[in-house]
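Report on the structure given below.
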2 protein chains.
Amino acid sequence: MSDEDRPDARTRALDAAEGLFAAKGFDSVTLRDISSSIGLTHAALYYHFPGGKEELFALVMERNIRRHGAGLSAAIDEGGPSLRGKLRGAASWFISQPPMNLNRMAQSDLAAFEPAVARRLMDLVYELILRRIQIVLAAARDSGEVGPCDPGLLAGGLLGLIESLHSVPVHIVKRDLCAMGFELIDVVLKGIDYKETGYAGS
Amino acid sequence: MSDEDRPDARTRALDAAEGLFAAKGFDSVTLRDISSSIGLTHAALYYHFPGGKEELFALVMERNIRRHGAGLSAAIDEGGPSLRGKLRGAASWFISQPPMNLNRMAQSDLAAFEPAVARRLMDLVYELILRRIQIVLAAARDSGEVGPCDPGLLAGGLLGLIESLHSVPVHIVKRDLCAMGFELIDVVLKGIDYKETGYAGS
DNA sequence: GTCTATATAAAGATAGAC
DNA sequence: GTCTATCTTTATATAGAC
């Protein structure tokens with residue numbers, strides 16, 4: 001095992017920035033936070049990202065969205081042919097990842113950015129993530145697997161639902177987050193009247 | 001109508017801060033943003049809030065949480081005896097208000113606060129908001145109005161679901177946000193197999 | 001590529017006049 | 001109560017040495 005498996009400084013900067021931006025948001029993270037976490041001074045970041053903090057953030061977010069798009073797509077495909085399997089795959093993916101905090105990105109982080117940049121990132125979210133879920137739902141509806149519904153509305157709702165699991169206070173997490181996600185998926189599929197779930201009361 | 005209905009400066013500061021903090025988060029709002037929006041200099045804020053920005057934020061958040069608690073409670077009571085009515089009331093309330101962004105508050109805004117302050121605010125959220133929804137669900141389950149379910153999990157999920165409506169891109173909002181919220185409530189109640197909803201296809 | 005040093009701007013906070 | 005003025009710290013960003 002050579003030491004060549006260590007990413008170059010640019011990639012390490014992107015990785016560090018991704019974690020910090022995801023956890024604290026654009027304004028709360030300083031370039032020094034990022035650079036010092038990979039053993040550089042903040043000035044070195046301007047060599048790799050001449051556009052400064054905004055360029056770094058935009059690059060990080062785009063990479064993050066694309067990674068989520070690819071991971072989500074694979075997880076859906078691995079879920080098998082049923083809608084339930086596909087949605088469980090999607091839930092597993094989002095639960096396995098740090099929270100995307102799309103609300104914060106849209107409403108806070110991108111507020112001070114050039115509209116073109118902000119627009120582009122939000123379009124990517126829609127195209128690679130929301131649309132992917134929407135298509136799954138629309139296919140199930142069109143094939144009659146489920147009844148009439150609004151796939152666009154439901155896709156956003158499902159994402160909010162699953163991502164909200166990341167905010168569950170630790171002392172409330174009695175079970176595996178993934179099991180909780182699956183239970184919420186079953187609620188969406190069958191409603192809370194659903195009797196055949198594995199859940200056995202409080 | 002006397003001019004006495006104008007709130008005092010302290011209240012106007014809290015009001016302005018509430019809107020700004022809600023929209024942009026703790027770090028993105030400056031004391032000058034708040035003071036200038038009510039025609040004061042930022043130094044004047046230190047007369048009303050000697051503890052500075054952190055005190056102001058904590059006061060604003062506590063007031064906001066209590067207002068949501070009261071509004072939510074009233075909305076649930078006005079929803080009538082059925083679970084569906086109560087949940088529709090809750091949805092109407094959250095949709096009528098600016099987004100709470102509890103995720104951002106818990107994960108970003110409060111990260112740099114004293115643990116005791118952060119803990120206290122999160123406890124208030126649980127006690128006044130999540131618990132209120134949880135109780136409604138538990139009562140419906142215990143009375144047999146719905147089947148077995150986990151009220152704690154569902155309360156958080158419902159909140160995430162409804163709050164996610166605030167992030168729906170404007171060009172996607174084909175209908176009234178409240179109607180969309182009601183449709184999501186019906187999904188939770190009956191699942192997407194539900195055929196008797198008013199929804200009439202894409 | 002990364003550093004040190006520095007320029008510049010903005011923010012929280014305080015002192016003291018009015 | 002609110003202001004002006006100032007202090008201190010911290011951030012982004014740049015220049016130039018190595």
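This is a predicted model, so every value here is computed, not measured. In what follows, every heavy atom counts, from backbone to side chain, and hydrogens, waters and symmetry copies are set aside. Below, chain A is the first sequence line, B the second, and so on; all start at residue 1.
The phosphate of D/dA13 (OP1 or OP2) has a side-chain N or O of A/Tyr46 nearer than 4.0 angstrom. Checking the phosphate oxygens (OP1, OP2) of D/dT2, no side-chain nitrogen or oxygen of B/Tyr47 falls inside 4.0 Å. The phosphate of D/dT4 has neither OP1 nor OP2 within less than 4.0 Å of any side-chain N or O from B/His42. A close approach under 4.0 Å does occur between a side-chain nitrogen or oxygen of A/Thr41 and OP1 or OP2 of C/dC3.
A salt bridge does not link B/Lys24 with B/Asp109: none of the charged nitrogens is closer than 4.0 Å to a carboxylate oxygen. Taking the charged nitrogens against the carboxylate oxygens, B/Arg119 and B/Glu114 have no contact shorter than 4.0 Å, which rules out a salt bridge. Using a 4.0 Å cut-off between a side-chain N of Lys or Arg and a carboxylate O of Asp or Glu, B/Arg66 and B/Glu62 qualify as a salt bridge.
Residue contacts shown for B/Gly51 are absent, as no nucleic acid heavy atom lies under 4.0 Å away.
There is a side-chain donor-acceptor pair under 3.5 Å between B/Arg67 and B/Gln97.
The side-chain heavy atoms of B/Lys53 and B/Thr30, taken from C-beta on, include no pair separated by under 4.5 Å.
In this structure, the CZ atom of B/Phe49 is 13 Å from the P atom of D/dG1, given to the nearest Å.
Residues B/Ala23 and A/Ser108 share a closest heavy-atom pair of O-OG, 3.7 Å.
Interface residues of residues 10-36 of chain B facing DNA chain D, ordered by number: none; criterion, heavy-atom separation under 4.0 Å.
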